[in-house]
Amino acid sequence: MTSNTPAMTDLERLRHSTAHVLATAILRIWPEAQFAAGPPVDSGFYYDLELPHRITPEDFEKIEAEMKNETKANHLFERIVVSREEALELGRRGELAALGSRSSPSRFKLDIIEGIPPEEEISLYRNGSFLDLCAGPHVMRTGNIGAFKLTHVASAYYKGDERNPQLQRIYGTAFKTRKELDDYFAMLEEAKKRDHRKLGKELELFTFDEDVGPGLPLWLPRGAALIEELEKLAKETEFEAGYQRVRTVNIARESLYLKSGHLPYYKDSMFPPMTVEEKGNPGGSTEAIPAADRYYLKAMNCPHHHKIYAALPRSYRELPLRLAEYGYCHRYEQSGELFGLMRVRSLQMNDAHIYCTPAQFEAEFNAVNQLYLNYFKLFGIEKYMMRFSTHEAARLGEKYVDEPELWLQTEEMVRGVLQRSGINYVEVPNEAAFYGPKIDVQVWSAIGREFTIATNQVDFAQPKRFGLTYKDRDNTEKTPLCIHRAPLGTHERFIGFLIEHYAGNFPLWLSPEQVRILPIGTDAQLIEYSRAILNELRSKLVRAEIDGSTDKINGKIQRAEQMKVHTMLVIGRRDMEANAVSVRVHGQGNVGERPRDEAVAEILEQIRTRRA
RNA sequence: GCCGACGUAGCUCAGCUGGUAGAGCAGCUGAUUCGUAAUCAGCAGGUCACGGGUUCGAAUCCCGUCGUCGGCUCCA
């Protein structure tokens with residue numbers, strides 16, 4: 001609210017105005033409330049405030065009633081331009097974000113005024129007796145706000161800095177019409193059904209257990225099937241693209257992470273080390289052995305991969321060298337950050353490191369971006385955004401390795417790749433990895449949450465730290481560039497995303513249970529026929545099951561549908577006699593009788609081509 | 001990590017202002033020849049997250065711990 005009239009959509013304008021109405025209502029009930037910022041957000045608006053009374057959802061009704069009074073009064077939103085001195089004076093008298101003069105100054109508003117650049121105009125908005133520091137814009141009158149509702153309370157640090165006081169943040173949403181508001185809440189209800197945590201439980205994909213630990217998912221057989229399919233996809237794709245697979249261990253000595261530079265930059269995100277005392281020598285030698293050593297659980301694969309690079313002398317002829325691994329990493333995320341599968345402490349990354357010469361960089365970096373696009377096409381992901389994160393010169397040596405020229409040089413290379421390939425991207429300063437600039441890919445889950453699903457990072461720092469070199473054409477040793485990439489992110493987050501993306505209705509190739517055979521009745525001959533089909537499918541590596549329960553056929557169908565089994569083969573006497581099966585597809589219902597061989601062939605083809 | 005809310009059978013949930021727990025589904029047993037979204041009956045299943053405290057008495061009140069969720073900072 002401190003910049004010049006920012007561009008706002010009509011809906012944002014309406015919601016921002018609702019935030020003012022919210023503040024008006026709160027002051028009617030709690031006149032001592034102090035307000036900070038109240039902007040519109042994607043799903044509505046919020047206003048941050050400081051108040052001794054803890055606002056709970058039970059207070060919402062009362063607050064909404066006051067808000068209603070304010071919209072009924074249909075006050076004009078009046079814009080008033082003041083001088084900096086006038087604004088400060090009003091703030092000192094407590095008249096900003098207030099209904100009139102108060103004993104205590106409007107402390108947050110005063111602080112906000114301090115932050116407004118001197119050349120910028122300072123504006124206030126008044127609706128009825130409520131006056132607030134605000135850049136606007138607003139709707140004409142409070143009565144123009146069609147329908148609103150408060151949704152939840154949360155806490156937030158002032159200006160998002162944990163050293164600042166914690167404020168109460170009240171969230172709400174608003175629309176032009178009642179119907180749009182109702183539709184919005186109906187949509188939220190629908191979205192809840194897609195929540196990967198709910199579906200993960202219902203479809204028996206994964207579980208968390210207190211004894212195992214927070215943020216450490218256990219994959220049930222049906223979830224593990226999803227993992228295996230993704231790995232198969234990645235292995236095939238990467239093999240074709242010239243990657244080589246490697247395998248590395250889960251722990252390493254402290255010295256590895258000191259060398260990589262992770263420890264100073266990344267320590268907070270790693271599990272604390274374990275101290276190992278080497279006792280004696282199994283070989284029986286009496287020679288002294290280093291006493292104690294600290295080992296860390298690996299939080300990333302790169303240092304291990306660098307060691308694999310270093311294991312052999314490298315020639316320019318071998319480059320680009322692409323080392324890939326689906327390694328397990330462990331990161332000590334803050335407890336408050338954990339969120340279903342989307343934010344966990346143990347993760348399996350679709351990781352690879354590409355070592356290349358500067359001349360090869362553009363082609364390699366671009367190939368990785370293209371890999372993303374191919375994957376997105378396969379999964380039908382249409383909405384995504386590439387974020388190009390760069391360094392901040394002021395934080396060299398602290399957040400970023402102190403190599404000013406290399407930063408500028410590699411950032412320019414990445415920018416060039418992006419521009420020449422015509423990919424849509426946004427550039428965000430001060431968000432790079434400590435070792436180089438990067439591209440993150442953001443996607444939106446069905447619930448509307450934004451996630452970083454993939455990453456493509458340049459690393460000019462670690463190869464040097466590890467002393468990685470290659471013998472170039474001119475017989476000199478040179479340091480390669482390294483690209484860290486994870487197009488499918490981690491299994492945990494990617495599968496969490498896919499669950500919501502498909503609402504649990506996976507395409508056949510991914511489906512945890514691809515086919516379920518449902519015999520009608522328990523006739524011995526029929527069971528034998530059904531089992532023969534089951535065995536045939538399994539011999540072709542199809543994840544097929546048979547429902548051998550004594551339920552009636554409707555009951556069997558119900559259970560299979562509830563588990564979202566992709567293809568159901570209903571088999572009765574009629575089918576058996578015709579050497580056929582009746583095919584039912586989840587989401588489509590009965591698609592009719594098919595000759596057995598044809599039905600099997602069709603299933604295999606659909607899996608082979610990973611058809612949606 | 002910080003602020004707040006929540007934590008009852010495998011799952012979804014009931015249990016009012018304290019009087020030592022209930023349903024449906026799933027599970028088990030038995031019966032049921034059933035053609036495209038639930039066949040019937042019986043049985044079994046809970047130290048009400050964990051640990052303290054208040055009380056004659058606590059799933060219900062208080063404190064602590066753990067976990068989950070909504071946010072804040074952070075990230076794949």
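Throughout, protein chains are lettered first and strands after them, A, B, ... in sequence-line order, and every chain is numbered starting at 1. Because the structure is predicted, anything quoted here is derived from the model rather than measured.
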Ring-plane angle category for [X] and [Y], please: parallel below 30°, perpendicular beyond 60°, tilted otherwise.
X         : Y         : answer
Tyr171(A) : His152(A) : parallel
His330(A) : Phe271(A) : perpendicular
Tyr502(A) : Phe506(A) : perpendicular
Tyr266(A) : His262(A) : perpendicular
Phe497(A) : His501(A) : parallel
Tyr400(A) : Trp407(A) : perpendicular

Pairwise [atom1] distance for [N] and [M], with rounding to whole Å:
N      : M      : atom1 : value
G30(B) : G35(B) : C1'   : 25 Å
U12(B) : U20(B) : C1'   : 25 Å
C50(B) : U8(B)  : P     : 10 Å
A49(B) : A31(B) : C1'   : 40 Å
C11(B) : G46(B) : C1'   : 14 Å
A23(B) : C66(B) : C1'   : 29 Å
G27(B) : G10(B) : P     : 14 Å
A76(B) : C43(B) : C1'   : 49 Å

Could you check whether [X] gets within reach of a base, just the sugar-phosphate, or nothing at all, counting any heavy atom under 4.0 Å?
X         : answer
Leu167(A) : nothing
Phe339(A) : sugar-phosphate
Gly592(A) : nothing
Lys556(A) : nothing
Leu338(A) : sugar-phosphate
Thr522(A) : base
Gln168(A) : nothing
Arg169(A) : sugar-phosphate
Asn350(A) : nothing
Phe494(A) : nothing
Lys438(A) : sugar-phosphate
Asn590(A) : base
Gln442(A) : nothing

Rounded to the nearest 0.5 Å, how far apart are OG of Ser389(A) and OH of Tyr425(A)?
-> 12.0 Å
How far does NZ of Lys232(A) sit from CD1 of Ile227(A), to the nearest 0.5 angstrom?
-> 15.5 Å
Go through A37(B), C75(B), A31(B) for me and flag the one nearest to the His586(A) side chain.
-> A37(B)
In terms of the nearest nucleotide of RNA chain B, which residue is placed more toward the 5' end: Pro519(A) or Asp195(A)?
-> Pro519(A)
Comparing nearest nucleotides in RNA chain B, the 5'-proximal residue of the pair Glu431(A), Val581(A) is Val581(A)
Show your reasoning for whether side chain to side chain contact (heavy atoms under 4.5 Å, CB included) applies to Met300(A) and Ser269(A).
-> CA-CA 11 Å; Met300(A) 63 294 296; Ser269(A) 298; over 6 Å; no
Do Arg559(A) and A26(B) share a donor-acceptor pair, side chain to base, under 3.5 Å?
-> no
Taking N and O atoms by type only, does the side chain of Asp575(A) place a donor or acceptor under 3.5 Å from a partner on the base of G35(B)?
-> yes
Cation-pi, Phe45(A) ring and Arg15(A) (6.0 angstrom, 45 degrees) | no
Could you tell me whether Arg345(A) sits above the aromatic face of Tyr332(A), with NZ or CZ closer than 6.0 angstrom to the six-membered ring centre and within 45 degrees of the axis?
-> yes
Starting at the 5' end of nucleotides 1-10 of chain B, put B wherever the base has a protein heavy atom under 4.0 Å, S where only the sugar-phosphate does, and a dash everywhere else.
-> BBBS------
For atom [atom1] of [X] and atom [atom2] of [N], their distance in whole Å:
X         : N      : atom1 : atom2 : value
Leu569(A) : G35(B) : CG    : P     : 18 Å
Arg343(A) : G71(B) : CZ    : P     : 14 Å
Tyr266(A) : C74(B) : OH    : P     : 14 Å
His196(A) : U68(B) : NE2   : C1'   : 12 Å
Asp551(A) : U32(B) : CG    : P     : 15 Å
Asp351(A) : C75(B) : CG    : C1'   : 15 Å
Leu526(A) : G35(B) : CG    : P     : 12 Å
Gln558(A) : U39(B) : CD    : C1'   : 13 Å

Phosphate oxygens OP1/OP2 of U36(B): is one of them under 4.0 Å from a side-chain N or O of Lys552(A)?
-> no
Please determine if a side-chain N or O atom of Arg197(A) lies less than 4.0 Å away from the OP1 or OP2 oxygen of C69(B).
-> yes
Side-chain contact, heavy-atom cut-off 4.5 Å: Arg485(A) with Pro487(A)?
-> yes
Ring-ring centroid check Phe434(A) His391(A), cutoff 6.0 Å = no
Taking only Watson-Crick and G-U wobble pairs with both distances under 3.5 Å, what dot-bracket line describes RNA chain B, where [ ] shows pairs that cross earlier ones and | shows pairs with another strand?
-> (((((((..((((.....[..)))).(((((.......))))).....(((((..]....))))))))))))....
